[in-house]
Amino acid sequence: MKYNFSEIEKKWQAFWDTNKTFAANIDHTKPKYYVLDFFPYPSSDGLHVGHPEGYTATDIIARYKRMKGFNVLHPMGWDAFGLPAEQFAIKTGIHPRITTQKSIDNFKRQLKSIGLSIDWSREIATIDPKYYKWTQWIFIQLYKKGLAYQAEIPVNWCPELGTVLANEEVPEQIEKGFTVVRRPMKQWMLKITEYAERLLIDLDMLDWPESTKEMQRNWIGKSEGAKVFFPLKGFDESLEIFTTRPDTLWGATYMVLAPEHPLVDKITTAEHRTAVDIYKDTAKQKSDLERQALEKDKTGVFTGAYAVNPVNNEEIPIWISDYVLMGYGTGAIMSVPAHDERDWEFATKFHLPIVEVVKPAGNEKSDITKAAFCEEGIAVNSGFINGLKTEKAKKKTIEWLEEKGLGKGTVQYKLRDWLFSRQRFWGEPFPLIYLEDGTVKLLPEDVLPVMLPEVENYKTIGTGESPLAGISDWVNTTDPETGKPAKRETNTMPQWAGSCWYYLRFLDPDNDKELVNKEAEKYWMPVNLYLGGAEHAVLHLLYARFWHKVLFDLGYVSTREPFVRLFHQGMILGEDSNKMSKSRGNVVNPDDVINNYGADSLRLFEMFLGPLSATKPWSTKGIEGVYRFLNKIWRLVIDEEGNISKKIQEVKPEEDAERIMHRTIMNVTRDIEDMDMKFNTCVSELMIYVNEISRYDVIPAVLVNTLLKLLSPFAPHLAEELWSRLGNSATITFEKWPEYNPAKVQKNIVTVVGQINGKVRSKIEIELDQPDETVLEKMKQDEKIRSYIEGKQIVKEIVVKNKLVNIVVK
RNA sequence: GCCGCCAUGGCGGAAUUGGUAGACGCGCUAGACUCAAAAUCUAGUGAAGGCAACUUCGUAACGGUUCGAGUCCGUUUGGCGGUACCA
C-alpha cells in the first residue's frame, strides 16, 4: 500500500477541526505557553514557500510543548487594512472589504493545508468592526492620557496615492514611479517620545536577538549633553542649542540654524533677507531623502545676525544651513569646527574661524587645519576647564552653566513622535469629532465603533483629504452628547495601529465589554515566543512595545513588556538564490509543493533546509529527499497489503537498539529546546534513526512508537495516521514526549583516537571510563602508534577521557 | 562612513562549544531488481598521489595562542542586514 499523503492530510485536518483539538482554554493546572507569529497581511498573491517556514517552526514548538504538558495558545489572525486593497479598489471599483476577504480566505485555506495546530476559534481581523472598536478605544485612552495631539508638520505627501507616507514607505513608492513631496499638513501624532527612556531601558530584560535590540537602541538614539543659551545681539532673546560636547563651548565660532527655525525671519537683517529667503525656499522643496542622501556638499547662508558666546562673550555670526535638522534637539547648533567633522567642512568652505580647544591626550597628534579632532582629550584655550579631561570638562562646564542660569545638563533622543494619521479610506476611523467652533471632541466609548461608511468612490478627492471627506452623510454628524452638529475626523489610522495590540485580543477575541478579560490576560501574557522576519525589527516592535507600556500604566495589562522572547526566521530565496518575486519568476507556491509531495514533506523540508535564522535558497530537487524519508517511514510500518508490518513486534529491544533510541530522543529534544531553533538537525537525527531501525529484521514496537512521537511535531499528519493504524484511538497530540535515560545513551565500548603531535594516526576500541594510564598504555601498544614513537623522545602525553590520546614526540 | 552578522565539498548544511572536519540530504558514479523505465535497495563520492595498505594537502587569505584551531586572538578580503549630516 502506497503512502497516500493527500488523503491522510485531508483526513487529519478534518479530524483536528471537528474535534477542536487545538482549542486553548484557561487551565490553571498546567503551565501556559503562548507562541505567536507576526501578524500576516493577507496579500492577494497568497503565500509563497517562504511564509510556511516561520509558521512551521512555531507549530513545531506548539506541538512539542503540548506533548511536554503545556497549555499552548497558538492563534492566527489578519492584519487586513492596507494600501494594496485600496489601490485595487480605485482601479476596479471593488470594495476593499471584498478583495480583502477573498485574500483572507485564500490565506486561511493555505495555512490550513499546512496542518498548523492553530486555535482557529480565536481568529481575528483588524478590519472587523468588533476588533477596530477596541483599536479606537485604545486611541481614546492615549488621547485622555495626553499622548495624542495634532500638529502642523511637514509630511511626505504622495499626490498619486493621495496620502501622506511614513518615512519608511517613501523609497518603495518612489521606486514604483510615484512622486513624494514635502508639505505641511495638520496631522495626528502620538507621543512615543515620552516613553523613550523606558523603551530603551526595558530592552535589557528581553530575550531578543542582540542585533534587533541594538537597532532599537540606535533608533531611540539617546545622547547626553547640555542645552545652552546664546544671547542674541540686539534682541532680548536667546538662542537655545543642544550639544553633547559642552566642553567645546570655547571653540564655538559661529551658530547654525535649521532653515525652518522660527527665529530665522526675526533675526535676519535686511541686507541678507533675499539670500536667506531663497535658501529657505530651496530647502523647503527638497524632500528628506534629497536633503540627506544626495547632499554631501555643505550649503548655507549668513543671516547677518550675531549671538554672544556665554563663556567668553565673543560675538559669533549666525548662519542657516540644511545640515542642521529642525526635528532634532532645538534645530540650532553651536558650531565647533575644530572638533566636529560637519562643522569643520562647513567652516572650511565658508572660511569661518577654527579654534582648537581639545588636544589629544598622550603622544597622539592632531592638526585641525587638516581635519577635525572629534575624540576625547584635554581641554585647551578654554578658561577654567583648561587641562581637564573631556569627561571632567563636560561636567564642570555644565555645573558652571547651571549656576549662571545659562544652560542645563540634558538628554536628547533621536526618536520622534509617531505620525499617526493617513489620508486613506481603508483604515480605522478616529473616534472623534470637530465641533462647529473647531474644537476636537472625543466620542464617548459607548458609541464605538465608529464604523467605516459605505462608499462608491475610492479615489482621493484632491484636497489632500481622505476619500472619507467626500462622504458628507458620514462626515456631517451630531455630537451624541449635545445633539449639536459636528464633523467627523476624516483621516484614518495607519496600518500599524491594528497590529500594535492584536496579541492581546487573541486572549479574549469575542469580548465586547472590554479589550481583554483581566483573568485571561494574567493567565496567558506575556508571549513566550514571538516569531517573524527581521524587517519589523524597529517599527512594529517599537510601536507595540509603546502601546503595551501605556496599557500597563493604565492597568489593563500586567506585564511591562509584551514579547519576552523574539526570534527572526531567515528568508527563503528562490532556487536562483535571488529574493522570490513575481518579476523574477522564481516564486514557488506551497500549493504546488503540497499537491506533489504533501504538507508533511513541505514542513519537513522547510526545516531541513538549514537553521531557521539563516537565509537559504529553495531547492525543488532537495524536497525529494524528505519525501523519500516519509515514504520510508510509511513502508517501515505498513506493508504492501496495507497491514501493519510483521516486522514490528512487541519485544524488548536489544541494547544497541535501545541506545540508538535514547540517543535520538536526547538529540531531538536538545535541538528543539535549543535557543537557536535549528530544526534541520532534528530532521537529520530522525533520518539516522529510521535508517538504523529499518535494517532490523524484527523491530520492537517501542522503537516505532517513539519514532512517531518524535516525528509528530514535524510531520503531524503521517504521525497521526500511523499512530492510529497502530491501534491508538486518541490523537497523538497529547501523548507524553518520550524521555531518555542518559545512562543508556553511552556505549560500553568507545573509540579512542590516537594522535601523534596532534595528527590522527590510529583508533582503538576500549571500555568506557578507563583510567587515563590504562588508556595511554593501551594506545602505546597499538602497532601504528608504536611505529611513530619508536626511537623518539616523548615530550608530553594528553588524555581526553573516552575520546583521544595525543602523544607529543621529538 | 558607522554598527551588527557571516564565509566549511558540485549544492543545502553538520561538527557534543578547543579534541576523528564534511553528519544528514541533494546531485553524481557503479551495481542489483526490471523486457524497459520509474520506484526501491547496495556500494562509492573533499582534492592530489599510489596496485595497495597508505601519504600529503584541505574549513575565504595571512599571522598568532595551544599538545591540538572550522571553533579563540590580530590583520586583510569578500558577502548580507541595518543606519546615515542626530550636533
Side-chain angles (χ1 to χ4, degrees), chain A residues 2 209-215 217-219 221-223 225 241-245 248 252 256 258 291-293 295-296 298 321-325 327-336 339-343 345-346 374 412-416 534-535 537-538 568 570-571 575 577 604-605 608-611 613-626 628-629 631-632 635 663 666-667 670-671 678 680-691 694 751-763 784 795-809:
Chain A
K2 267 187 70 187
E210 209 36 61
S211 57
T212 301
K213 291 206 257 184
E214 198 53 31
M215 274 192 236
R217 285 188 194 108
N218 291 338
W219 190 266
K222 181 180 182 174
S223 53
I241 60 102
F242 171 74
T243 177
T244 54
R245 292 292 296 269
T248 61
V256 187
R291 241 169 105 161
Q292 289 167 7
E295 305 272 324
K296 287 290 164 199
K298 298 272 177 297
S321 171
D322 62 9
Y323 85 89
V324 174
L325 309 173
Y328 184 75
T330 60
I333 60 160
M334 66 170 193
S335 190
V336 186
H339 306 292
D340 182 285
E341 233 172 273
R342 297 151 299 177
D343 297 347
E345 224 179 280
F346 192 85
C374 308
Q412 275 290 330
Y413 300 90
K414 234 157 74 177
L415 183 70
R416 315 216 180 145
E535 65 275 9
V538 174
H568 297 308
M571 222 186 308
E575 207 153 10
S577 290
L604 214 54
F605 186 58
F608 189 58
L609 230 33
S613 58
T615 301
K616 56 240 161 201
W618 182 258
S619 159
T620 3
K621 266 289 182 194
I623 192 163
E624 301 202 357
V626 295
R628 279 176 207 153
F629 169 62
N631 272 288
K632 203 167 179 176
R635 288 196 310 269
R663 191 193 59 208
M666 178 176 84
N667 289 346
R670 183 195 60 213
D671 291 351
K678 291 165 142 183
N680 53 330
T681 52
C682 294
V683 179
S684 107
E685 285 299 335
L686 291 171
M687 286 175 168
I688 294 169
Y689 181 61
V690 170
N691 287 343
S694 58
T751 308
V752 174
V753 170
Q755 294 186 334
I756 302 293
N757 295 342
K759 287 197 175 185
V760 180
R761 295 301 182 186
S762 188
K763 291 167 191 179
K784 291 215 63 182
V795 183
K796 198 168 182 179
E797 292 161 333
I798 296 117
V799 180
V800 181
K801 212 167 198 58
N802 299 329
K803 268 222 177 108
L804 66 71
V805 174
N806 186 16
I807 301 170
V808 185
V809 296

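Values below: all heavy atoms of this structure, side chains included; hydrogens, waters and symmetry mates excluded. In what follows, every chain begins at residue 1, and chains take the letters A, B, ... in the order their sequences are listed.
The distance between atom OH of A/Tyr328 and atom P of B/A87, rounded to the nearest whole Å, is 4 Å. Spacing between atom NZ of A/Lys803 and atom P of B/G68 amounts to 19 Å, rounded to whole angstrom units. Whole-Å rounding puts the A/Asn806 CG to B/A69 P distance at 10 Å. Between A/Lys632 atom NZ and B/U42 atom C1' there is a gap of 11 Å when expressed in whole angstrom units. When rounded to the nearest whole Å, the span between CG of A/Leu604 and P of B/C24 equals 16 Å. Put simply, CZ on A/Phe605 is 11 Å from C1' on B/G13, counting in whole angstrom units. We find that CZ of A/Phe629 is positioned 17 Å from P of B/A23, with the value rounded to whole Å. Rounded to an integer number of Å, the gap from A/Glu210 CD to B/C3 P is 16 Å.
Between B/A14 and B/U8, the distance separating the two C1' atoms is 10 Å to the nearest Å. When the P atom is used for both B/G22 and B/A15, the distance is 13 Å, rounded to whole Å. The C1' atoms of B/G46 and B/A21 are separated by 10 Å, rounded to the nearest whole Å. Only the C1' atoms considered, B/A60 is 27 Å distant from B/U55, to the nearest whole Å. Nucleotides B/G27 and B/G12 are separated by 15 Å at their P atoms, to the nearest Å. Distance check on atom C1': B/U59 versus B/G13 gives 13 Å, rounded to whole Å. With both ends at atom P, the span from B/G58 to B/U71 equals 13 Å, rounded to whole Å. Taking the C1' atoms as reference points, B/G78 lies 29 Å from B/C24, given to the whole Å.
Using a 90° window around 0 for the glycosidic torsion, B/U16 falls outside it and is classed as anti. Under the 90° criterion around 0 for the glycosidic angle, B/G9 counts as syn.
If you check every strand for non-hydrogen atoms under 4.0 Å, A/Lys784 touches sugar and phosphate atoms only. Among the atoms of the strands shown, none is found under 4.0 Å from any heavy atom of A/Ser619. At the heavy-atom level, A/Arg670 lies nowhere under 4.0 Å from the strands shown. Among the heavy atoms of the strands lying under 4.0 Å from A/Ile688 are primed sugar atoms or P, OP1, OP2 only; no base atom is included. If you check every strand for non-hydrogen atoms under 4.0 Å, A/Lys616 touches sugar and phosphate atoms only. Note on A/Gln755: a base of the nucleic acid sits closer than 4.0 angstrom, heavy atoms only.
Side chains of A/Glu345 and A/Tyr323 form no contact here, defined as non-hydrogen atoms less than 4.5 Å apart. Within the 4.5 Å cutoff, the side chain of A/Leu609 has heavy atoms near those of the A/Trp618 side chain. A 4.5 Å side-chain heavy-atom check between A/Asn757 and A/Lys759 finds every atom pair outside the cut-off. Counting heavy atoms from C-beta outward, A/Met687 and A/Val626 have side chains that approach closer than 4.5 Å. Using a 4.5 Å cut-off on side-chain heavy atoms (C-beta onward), A/Asn680 and A/Lys616 make no contact.
If you check distances only, the side chain of A/Lys298 does reach the base of B/C85 with a donor-acceptor pair under 3.5 Å.
In the set B/G19, B/U20, B/U56, the nucleotide with an atom closest to the side chain of A/Arg761 is B/U56. Distances from the side chain of A/Val800 to the nucleotides B/G19, B/C24, B/U56 place B/G19 closest. Checking B/A15, B/C24, B/C41 against the side-chain heavy atoms of A/Lys678 singles out B/A15 as nearest. Taking only side-chain atoms of A/Val808, from C-beta outward, the nucleotide of B/G4, B/C67, B/A87 with the closest atom is B/C67. Counting only heavy atoms from C-beta on, A/Glu214 has its side chain closest to B/C3 among B/A14, B/C3, B/G27. Here the side chain of A/Asp322 is nearest to one of B/A87, B/C85, B/U20, namely B/C85. For A/Met687, the listed nucleotide lying nearest its side chain is B/C24; candidates were B/C24, B/G27, B/C41. Picking from B/A21, B/A87, B/C67 the nucleotide with the shortest atom distance to the side chain of A/Val760 gives B/A21.
Checking B/U40 for Watson-Crick or G-U wobble geometry (two distances, each under 3.5 Å) identifies B/A32 as its partner. In this structure B/U65 sits in no base pair that meets the Watson-Crick or G-U test at under 3.5 Å. When Watson-Crick and G-U wobble pairs are counted only if both distances are under 3.5 Å, B/C5 pairs with B/G79. The pairing partner recorded for B/G10 is B/C26, the criterion being a Watson-Crick or G-U wobble arrangement whose two distances lie under 3.5 angstrom. Using the Watson-Crick or G-U wobble rule with both distances under 3.5 Å, B/U16 pairs with nothing in any strand shown.
Take the nearest nucleotide of RNA chain B for A/Arg635 and for A/Phe242: the residue whose nucleotide is more 5' is A/Arg635. Nearest-nucleotide positions on RNA chain B place A/Leu609 closer to the 5' end than the other of A/Gly758 and A/Leu609.
Side chain of A/Gln412 to main chain of A/Tyr328: no donor-acceptor pair is present (N/O by atom type, distance under 3.5 Å, no hydrogens or angles).
Using a 4.0 Å cut-off, no side-chain N or O of A/Arg628 falls inside it from OP1 or OP2 of B/C41. Distances shorter than 4.0 Å separate some side-chain N or O of A/Lys796 from OP1 or OP2 on B/C67. Phosphate proximity of B/C57 to A/Lys759: present, with a side-chain N or O under 4.0 Å from OP1 or OP2. At B/G25, one or more side-chain N or O atoms of A/Asn691 fall inside 4.0 Å of OP1 or OP2 (strictly under the cut-off). Taking side-chain N and O atoms only, A/Asn680 has a distance below 4.0 Å to OP1 or OP2 of B/A14. Applying the 4.0 Å criterion to OP1 and OP2 of B/A87, one finds that A/Ser223 has a side-chain N or O inside that range. For the OP1/OP2 pair of B/G27 and a distance below 4.0 Å, the side-chain nitrogens and oxygens of A/Lys621 include at least one atom meeting the criterion.
The number of heavy-atom neighbours closer than 6.0 Å to CD of A/Glu535, taken from other residues, nucleotides and ligands shown, is above 12.
No side-chain donor-acceptor contact under 3.5 Å links A/Asn806 and A/Lys796. One side chain, A/Asn667 or A/Arg670, offers a donor N or O that lies under 3.5 Å from an acceptor on the other.
Within the cation-pi definition used here (under 6.0 Å to the ring centroid, within 45° of the axis), A/Lys298 does not qualify as a partner of A/Phe346.
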